[in-house]
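Worksheet: one structure, shown below.
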Amino acid sequence: MTAFTTLRLDGVTRRFGGADALTGLDLEIRRGEFIALLGPSGCGKSTALNCLAGLLPLSDGSIWRDGTRLDTLPPERRGFGMVFQNYALFPHMSVRKNISFGLQMRGVPRAEARRRTDEAIRLVHLEEHAGKLPGQLSGGQQQRVAIARAVVVEPSLVLMDEPLSNLDAKLRLEMRTEIRRLHQNLGLTTVYVTHDQEEALSMADRLVVLRAGRVQQIGSPEQVHNRPANRHVADFLGFRNLLPGKAVSASSIKINGFGVRPSASFVGAIGVGDPVVAAIRPEDVEIGSGLEVTVDVAEYHGREIAAEVRTADGLTLHLRTSQRLAPGDKVEVTLPPSRLLVFPG
Ligand code: ATP
């Protein structure tokens, strides 16, 4: 393991043919951090991870481990561990062999290799399965083997590409906690690719939100969740209502003729008269005197109803409420000013 203080990506760019898959990624990863690369399918997350791993050469830019240039080194000399979505286990080797293989390759003495393998098996709770072949394990167990195999060599950085996407919902939740626990207990530095905002928000110390190969925002879960940098990030982070409107003063807007004075300031440069997009999460839209709407769709979600409602002039809003709404119901809704973010239109 080559310990580092910071790992720096400097303008990392990767093109396929003429098209940029990743453009000018600047990022500093500090030792011990858990970084999530988040964004929709095709935004360049895997490309970024593969550039970092050395599986893809850069088209432009550089990668540095403290003062040492890294992007010119082959993958095996970077000292990183990788966990993929499809596990990539050796099918003919037992769980134990799969996990100890990397230690063997590195010439770790036998007794130490055995001790570290045992420890890794214990960490991921596979004691009872150590002698089995991957094909005899469930998806979740296979994913645990892949994780143990990556961390057993004590890599300076662990790269994970959608490691939970093949697991069922319950196991996914459990493994989130488990990966985060391993990260903490082993003092790992982790870069984790996901398109699942909840996964990223709940696991990472910092999020890097990508769209079409470009960084949109880098920040803590709170920053990204509460104050998305632009409407694309807002959209991706659950602001399902993106309502077109117009700035009518330095601090108020009109949406379909009704005025709102958002208490949070505008995000980005907006002048009076400019088109804007007001963003609000469905769970923040309240039922109470305000806009008259008709319920179009009401979906039962246990504690809540997720509803799609429409104003008389055709503006659609999504909301979540504990009220038992049904299609055709007429109610009034309000958009609490403190929950509205306003972006340039
Ligand atoms: P997903 O979540 O679907 O895996 P992603 O965010 O990881 O998506 P990438 O796999 O990094 O996205 O792909 C980014 C862009 O680069 C996409 O437009 C993709 O089609 C393109 N791309 C990726 N790999 C190649 C390749 N080997 N050849 C050509 N184009 C590629």
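Just follow the structure's listing: the first ligand is 1, and inside any ligand the first atom is 1. The shown structure was predicted, so the numbers you read here are calculated from the model rather than taken from an experiment. Residues take their numbers from the sequence shown, with the count starting at 1. Reckoned from all heavy atoms, side chains included, excluding hydrogens, waters and symmetry mates.
Among residues at least two apart or in separate chains, there is no side-chain hydrogen bond (donor to acceptor under 3.5 Å, both in side chains) pair with a member in residues 99-110. Residue pairs meeting the side-chain hydrogen bond (donor to acceptor under 3.5 Å, both in side chains) criterion with at least one partner in residues 242-253, sequence neighbours excluded, are S249-S252, S251-R261.
In this structure, ligand 1 sits under 4.0 Å from heavy atoms belonging to F16, A21, P40, S41, G42, C43, G44, K45, S46, T47, E162.
Remark: the backbone N or O of I121 is not paired with any side-chain donor or acceptor of R96 at under 3.5 angstrom. Looking only at distances, a side-chain donor or acceptor of K45 sits under 3.5 Å from a matching main-chain atom of P40.
A search for side-chain hydrogen bond (donor to acceptor under 3.5 Å, both in side chains) contacts involving E174 returns K170, not counting sequence neighbours.
Between the side chains of Q85 and S165, at least one donor-acceptor pair of N or O atoms lies under 3.5 Å.
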